[in-house]
Amino acid sequence: MTTERQLARLRAAGPELLGFAVTGLCAYAVDLGLFLWLRGPGGPFDLDPLSAKSLSFVAGCTVAYAGNALGTYRRRPNGVSRLRQYGVFCAVNLAGALVQLLCLAASHYGLGLTSRTADTVSGAGVGMALATALRFWGTRTLVFRPTRPPRTGTGARTGTGTLGRAVQGRQESWTG
């Protein structure tokens with residue numbers, strides 16, 4: 001019974017996971033492509049690595065946010081402004097970037113694994129996997145969390161009272 005329930009939840013989450021993954025791949029391509037273009041020798045700007053990565057990170061975050069807001073989570077309006085959502089989304093992505101950096105630092109400096117292969121495995125392998133899990137959780141729970149319908153039935157009060165007042169058939173919060 002539990003296994004059937006878990007399989008049903010996994011099947012229901014399939015489209016969300018697929019949309020998140022496709023959006024993430026597009027954002028990654030923009031981030032990497034822009035970084036290489038801005039950093040490349042003979043390129044139009046020939047920026048230093050940190051400036052190039054900062055600009056490409058913002059571009060990648062913007063593509064990821066747009067893909068998730070207009071695609072994966074388009075049916076989850078939560079009454080929050082798009083600007084606030086974008087800010088929280090960027091914060092979640094920064095947290096993911098920190099996870100990747102921490103994995104790289106732990107491997108390189110903590111464990112002494114200093115080869116390019118070890119750096120790639122720890123930063124772009126293990127770090128990316130952990131960061132992606134964090135980003136998925138943060139995106140679905142902090143950025144595009146669904147609004148809860150107003151409570152009805154037991155525990156909810158209508159009319160005037162301490163919880164609020166009914167206005168045209170809906171319950172208003174006591175705060176506003």
Side-chain angles (χ1 to χ4, degrees), residues 1-38 52-107 119-156 164 169-173 175-176:
M1 180 84 159
T2 304
T3 306
E4 291 175 19
R5 188 175 289 166
Q6 290 172 339
L7 285 173
R9 289 180 68 190
L10 187 60
R11 278 190 210 107
E16 179 183 3
L17 288 169
L18 181 63
F20 185 82
V22 168
T23 298
L25 285 172
C26 291
Y28 177 74
V30 167
D31 186 347
L32 180 62
L34 185 59
F35 175 77
L36 293 173
W37 184 65
L38 292 171
K53 186 59 188 170
S54 297
L55 291 171
S56 70
F57 177 80
V58 170
C61 277
T62 302
V63 167
Y65 174 76
N68 282 308
L70 302 174
T72 308
Y73 297 104
R74 70 184 171 277
R75 291 190 174 94
R76 278 197 187 180
N78 63 4
V80 177
S81 75
R82 294 281 190 188
L83 184 60
R84 184 174 190 281
Q85 275 185 337
Y86 181 71
V88 174
F89 187 82
C90 286
V92 166
N93 277 279
L94 278 172
L98 287 175
V99 166
Q100 286 181 266
L101 288 174
L102 287 174
C103 288
L104 178 59
S107 170
D119 286 348
T120 302
V121 168
S122 63
V126 175
M128 179 65 86
L130 293 174
T132 300
L134 174 68
R135 286 176 177 125
F136 180 71
W137 173 84
T139 298
R140 78 186 316 237
T141 58
L142 300 175
V143 181
F144 297 108
R145 67 177 175 259
T147 55
R148 293 183 183 168
R151 290 180 14 168
T152 58
T154 61
R170 63 184 170 88
Q171 180 75 19
E172 277 194 334
S173 165
T175 59

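These numbers were taken from a predicted model, which means no experiment stands behind them.
Counting non-hydrogen atoms of other residues, nucleotides and ligands closer than 6.0 Å to OH of Y28 gives a total of 12 or fewer. Within a 6.0 Å radius of CG in L83, no more than 12 heavy atoms belonging to other residues, nucleotides or ligands are found.
The shortest distance between side-chain heavy atoms of W137 and V92 does not fall below 4.5 Å. Y73 places a side-chain heavy atom less than 4.5 Å from the side chain of T139. Between R145 and R76, the closest side-chain pair of non-hydrogen atoms is not below 4.5 Å.
In terms of heavy-atom proximity, G71 sits nearest to R74 at O-NH1, 2.6 Å. Shown here for E16 and T72, the closest heavy-atom pair between the two residues is O-CG2, 3.6 Å. Of all non-hydrogen atoms in Q100 and A131, the two that sit nearest each other are CG-CB, 3.7 Å. Of all heavy-atom pairs between F89 and C61, the closest is CE2-O, 3.4 Å. Of all the heavy atoms in V126 and C103, the pair that sits closest is CG1-SG, 4.4 Å. Closest of all the heavy-atom pairs between A59 and L34 is CB-CD2, 3.6 Å.
Between Y65 and F144, the ring planes are parallel. Angles under 30° get that label, and only those over 60° would be called perpendicular. Ring geometry, F20 versus F136: the interplanar angle exceeds 60°, so the pair is classed perpendicular (tilted spans 30 to 60°).
The backbone N or O of L104 sits nowhere less than 3.5 Å from a side-chain atom of S107 that would complete a donor-acceptor pair.
Note that the CG atom of L17 and the CZ atom of R140 stand 7.5 Å from one another [nearest 0.5 Å]. Between T23 atom OG1 and R135 atom CZ the span is 13.5 Å, to the nearest 0.5 Å. Here the CG-CG distance, from L32 to L36, works out to 4.5 Å after rounding to the nearest 0.5 Å.
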Subject >> Working for side-chain contact (heavy atoms from CB on, under 4.5 Å), residues K53 and D31 >> reply: CA-CA 8 Å; K53 186 59 188 170; D31 186 347; 2.8 Å; yes
